[in-house]
Amino acid sequence: MYTGGYPEGYPEGVPCWVDAQLPDVEAGRRFYGELFGWVFEGAYGASVWARLEGKPVAALAPKTDGRMPTVWTVYFATPDAESTARRITAAGGQVVMAPFPVDGLGVAALAADPESAVFGLWQAGSHHGFGIRHRPGTFAWAQLYARDIETANTFYGHLFHEALFGPGADPDFGRAAVTDFFAEMMPPHFLVHFGVADCEAALGAVTRLGGRVQAGPFAASYGTVAVVTDNQGASFAVLER
């Protein structure tokens, strides 16, 4: 299984980065450092990068507004964030935060699909994205839980066709109905999955560290999954393959 990053940047439409918006970054460092073995360093502003085996795997950022959700966001690679943002709007989505530069590291944007599931865009500068993935403690999968799978497939298939369906496709990105695993009132959303060697052991650690188990473990087509929240309420999944 491929475990590294792309030295020259990820292809368009491939999940290339994740970050968490948290009320307390220091508490996040303690939780994720213990759970995944992450080591942290300053990144930009008050944000920190998590590293595993010396390579970047995620970022933790402080919420700038208490009304913002405490959430993990997945970023899809794009060679041109402005162009992709225009295509998102044309396809029925919304640009939540227009493309903006991030300290020479790249250009970021936030968008929402036609069902209002929020995701990010990343146009690489000096930071290409994950330095390592598909290993315990690193990004493993992004699952979109949608109300209308056909609408989701049409939207993302148009936006990121090569990554999803082209030769050598490397999507790390699935789609499922919200009601497959969640209550009907749950809104459409992306769920970031991190790899673990032992799902049950990971759930024990999550609980011990002040988080909670929301759903599972359950069998998915891509592995054994459990949905959890951290000690500040940010949801994510652990995935044993």
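The figures here come from the full heavy-atom set of this structure, side chains too, leaving out hydrogens, waters and symmetry mates.
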Is it true that a side-chain atom of Ser83 and a backbone atom of Asp80 form a donor plus acceptor pair closer than 3.5 Å? no
Just verifying a value: how many Å separate Thr138 OG1 and Arg51 CZ, rounded to the nearest 0.5 Å? 14.5 Å
Check for a donor-acceptor pair, side chain of His158 on one end and backbone N or O of Tyr156 on the other, with a separation under 3.5 Å. no
For residues Leu121 and Phe160, report the shortest heavy-atom separation together with the two atoms involved. CD2-CZ, 4.2 Å
Test side-chain contact (heavy atoms from CB on, under 4.5 Å) applied to Pro79 - qualifying residues, sequence neighbours left out: Glu12
Can you pull out every salt bridge (charged side-chain N to carboxylate O under 4.0 Å, His left out) where at least one residue sits in residues 136-153? Sequence neighbours excluded, please. none
Hydrophobic clusters here meaning ILVMFWY residues chained together by side-chain heavy-atom distances under 4.5 Å, can you tell me if Val213 and Phe182 are in one? no
When you group the ILVMFWY residues by side-chain heavy-atom contacts below 4.5 Å and let the links chain together, are Val102 and Val74 in the same group? yes
What heavy-atom pair brings Pro99 and Val107 nearest, and what distance separates the two atoms? CB-CG1, 3.8 Å
Verdict with reasoning, Val118 to His189, per side chain to side chain contact (heavy atoms under 4.5 Å, CB included): CA-CA 7 Å; Val118 174; His189 63 285; over 6 Å; no
With Glu82, which residues qualify under salt bridge (Lys or Arg N to Asp or Glu O under 4.0 Å), at least two apart? none
Trp72/Phe194 aromatic ring centres below 6.0 Å: yes
For Met68, side-chain contact (heavy atoms from CB on, under 4.5 Å) partners two or more places apart: Gln21, Lys63, Thr64, Asp65
Mark yes or no for whether Glu240, through its side chain, and Cys199, through its backbone, hold a donor-acceptor pair below 3.5 Å. yes
Over-ring placement of Arg175 relative to Phe173, 6.0 Å and 45° cut-offs: yes
Is a side-chain N or O of Ser116 found less than 3.5 angstrom from the main chain of Ala112, in a donor-acceptor match? no
In the structure I gave you, are the side-chain heavy atoms of Leu60 and Asp19 within less than 4.5 Å of one another anywhere? no
Please check if the side chain of Asp103 supplies one atom and the backbone of Leu105 the other of a donor-acceptor pair under 3.5 Å. no
Within the supplied structure, the quantity of interest is the number of heavy atoms (other residues, nucleotides, ligands) at a distance under 6.0 Å from Glu184 CD; does it exceed 12? no
Can you list the steps and then say if Ile132 with Arg135 is a side chain to side chain contact (heavy atoms under 4.5 Å, CB included)? CA-CA 8 Å; Ile132 184 173; Arg135 290 184 184 175; 3.2 Å; yes
Residues Leu22, Asp230; criterion side chain to side chain contact (heavy atoms under 4.5 Å, CB included); working and verdict: CA-CA 10 Å; Leu22 302 174; Asp230 67 16; 3.7 Å; yes
What about Trp17 and Phe119, are their ring centers closer than 6.0 Å? no
Going only through I, L, V, M, F, W and Y residues with side-chain contacts under 4.5 Å, is there a path from Val178 to Leu144? no
Check the orientation of Phe40 and Trp38. Use parallel for under 30°, tilted for 30 to 60°, and perpendicular for over 60°. perpendicular
Would Phe36 and Val196 count as a side chain to side chain contact (heavy atoms under 4.5 Å, CB included) here? Give the steps. CA-CA 8 Å; Phe36 293 137; Val196 293; 4.0 Å; yes
Co-membership, hydrophobic cluster, residues Val227 and Val18, 4.5 Å side-chain: no
Before giving the answer on side-chain hydrogen bond (donor to acceptor under 3.5 Å, both in side chains), spell out for Ser235 and Gln214 the whole-Å C-alpha distance, their side-chain angles and the decisive distance to 0.1 Å. CA-CA 9 Å; Ser235 294; Gln214 288 183 291; 3.0 Å; yes
Gln232 side chain to Asp24 backbone, donor-acceptor under 3.5 Å: yes
For Thr151 against Pro114, the heavy-atom pair lying closest together: CG2-CB, 4.3 Å
Stepwise ring pair (Phe, Tyr, Trp, His ring centres under 6.0 Å) check, Tyr75 with Phe190: CA-CA 11 Å; Tyr75 291 79; Phe190 277 92; over 10 Å; no
Check whether Tyr10 reaches the backbone of Ala124 with its side chain - one donor and one acceptor, N or O, closer than 3.5 Å. no
Minimum side-chain heavy-atom gap Pro217-Leu203 below 4.5 Å: yes
Within-4.5 Å side-chain heavy-atom neighbours: Val48 and Arg29: yes
Sequence neighbours excluded, the answer for side-chain contact (heavy atoms from CB on, under 4.5 Å) partners of Val39 is none
Quick check: closest heavy atoms across Asp172 and Ala140, and the distance to 0.1 Å? OD1-O, 4.1 Å
Count I, L, V, M, F, W, Y as connected when their side-chain heavy atoms are under 4.5 Å apart, and connections chain through other members. Are Phe31 and Trp49 then in the same cluster? yes
Counting only N and O atoms by type, is there a donor-acceptor contact under 3.5 Å from the side chain of Thr89 to the main-chain atoms of Ala85? yes
Which heavy-atom pair separates Pro15 from Phe139 by the least distance, and what is that distance? CB-CZ, 3.7 Å
Taking C-beta and beyond as the side chain, do Leu209 and Leu35 meet within less than 4.5 Å on heavy atoms? yes
Which pairs, with at least one residue in residues 201-223 and sequence neighbours excluded, count as a ring pair (Phe, Tyr, Trp, His ring centres under 6.0 Å)? Trp141-Tyr222, Phe181-Phe218, His193-Tyr222
Ile149 and Ala146: which non-hydrogen atoms are nearest, and at how many Å? CD1-CB, 4.2 Å
Keeping the roles fixed (side chain from Glu115, backbone from Pro188), state whether a donor-acceptor pair exists under 3.5 Å. no
Should Trp122 and Phe76 count as side-chain neighbours, where that means a heavy-atom distance under 4.5 Å? no
